Amino acid sequence: MNNVNQIIKNSKESVLKTMSKMDFFTENDLNSLDLVKIGLLRKNSVYRHGVTRFLPKNKWSSKVPDPSCVKVVDIHPLLLNYEWETYREIIIFHEFIHCLGYLGHNKQFYKLESLWPTINQKDTLGRKFMEVLKLKNSTWKWICPKCNLKVLRQRKSSGKYICKKCNCKLIDEAI
Ligand SMILES: [Zn+2]
Ligand SMILES: [Zn+2]
């Protein structure tokens, strides 16, 4: 088994183990989640850190989807790094709730999500993770020569953008 598969397998086991202590999910929920395949998102994805992809609806008939209707849960490849372990498990747990048929981000969903022991770190870690991804995917800095505002972008501004504060044309600097 290669490293990626090993990390995914361990994370899944760890998430399911934590879920088994929550007194909400049934044995059946956990067993069927164990069969869900976990794959990877494209590495240039910035705003999406995990996604549950269901099979086409004609392949499952039940009104409320369950884990057997899931094609794959994809997570961001950077989440496999050791330093993102906490956030990785939060994301997998989040997607597993979707797999169990809670599709929307509503009150009920967030109530379930809040059962996760480190859920209070989710927003901070998510923001941090996004910043890292933005930086990784940027090749240009747009700089205001007057106030020194810096914006990270994938393409050049080519003189088409101005600083809102100073009304100055932004200049490009390669990262
Ligand atoms: Zn979601
Ligand atoms: Zn400025």
Side-chain angles (χ1 to χ4, degrees), residues 8 11-12 14-16 18-19 22 24-25 29-30 32-33 36-57 60 63-80 84-130 133 138 140-153 155-175:
I8 286 176
S11 300
K12 197 205 243 177
S14 169
V15 170
L16 290 173
T18 305
M19 286 174 78
M22 282 176 188
F24 175 85
F25 302 101
D29 289 341
L30 301 176
S32 52
L33 284 172
V36 169
K37 208 178 122 199
I38 297 186
L40 299 175
L41 285 165
R42 288 162 45 155
K43 67 171 187 292
N44 60 359
S45 158
V46 171
Y47 300 101
R48 262 188 159 181
H49 305 162
V51 64
T52 297
R53 303 187 201 278
F54 285 93
L55 289 164
K57 206 153 186 186
W60 42 278
K63 255 219 222 110
V64 180
D66 63 48
S68 71
C69 313
V70 174
K71 189 173 162 227
V72 65
V73 164
D74 282 332
I75 61 168
H76 199 288
L78 195 72
L79 286 175
L80 298 176
W84 295 109
E85 188 180 29
T86 304
Y87 190 52
R88 184 202 312 144
E89 293 195 354
I90 292 173
I91 292 293
I92 293 175
F93 176 59
H94 177 106
E95 297 308 327
F96 275 2
I97 300 174
H98 285 315
C99 293
L100 290 170
Y102 303 91
L103 302 185
H105 294 142
N106 51 24
K107 246 193 194 154
Q108 191 185 21
F109 183 95
Y110 286 120
K111 207 175 156 196
L112 282 178
E113 196 189 39
S114 73
L115 296 172
W116 191 257
T118 57
I119 198 65
N120 60 339
Q121 294 180 47
K122 187 190 178 196
D123 290 350
T124 315
L125 288 173
R127 260 197 307 273
K128 253 199 217 162
F129 192 65
M130 209 156 67
L133 295 180
S138 304
W140 293 95
K141 240 187 236 169
W142 300 359
I143 301 170
C144 170
K146 204 169 165 190
C147 72
N148 214 27
L149 164 98
K150 291 187 178 80
V151 193
L152 298 171
R153 286 291 183 269
R155 51 193 181 87
K156 291 173 99 166
S157 72
S158 305
K160 282 184 281 195
Y161 296 91
I162 54 163
C163 173
K164 276 186 203 141
K165 208 169 86 191
C166 325
N167 233 7
C168 263
K169 216 179 253 181
L170 300 175
I171 51 172
D172 294 313
E173 188 186 287
I175 291 177

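As the structure lists them, so they are numbered: ligands from 1, and atoms in each ligand from 1. Numbers for residues simply follow the sequence, beginning at 1. Owing to the predicted nature of the structure, the values given are computational and were not obtained by experimental measurement.
Between Cys166 atom SG and Cys147 atom SG, the angle centred on the Zn ion (ligand 2) amounts to 110° (nearest 10°). Computed with the Zn ion (ligand 2) at the centre, the Cys144 SG to Cys163 SG angle is 110°, stated to 10 degrees. Note: angle at the Zn ion (ligand 1), from NE2 of His105 to NE2 of His94, is 100° (rounded to 10 degrees).
Contact annotation: Cys168 places no N, O or S atom under 2.8 Å from the Zn ion (ligand 2).
A donor-acceptor pair under 3.5 Å is absent between the side-chain atoms of Thr118 and the main chain of Gln121, judged by distance alone. Distance alone, capped at 3.5 Å, is enough to place a donor-acceptor pair between the Lys12 side chain and the Val36 backbone.
Using a 4.5 Å heavy-atom threshold, the side chains of Asp66 and Trp60 count as separate.
Between the side chains of Glu89 and Thr18, not a single donor N or O lies within less than 3.5 Å of an accepting N or O.
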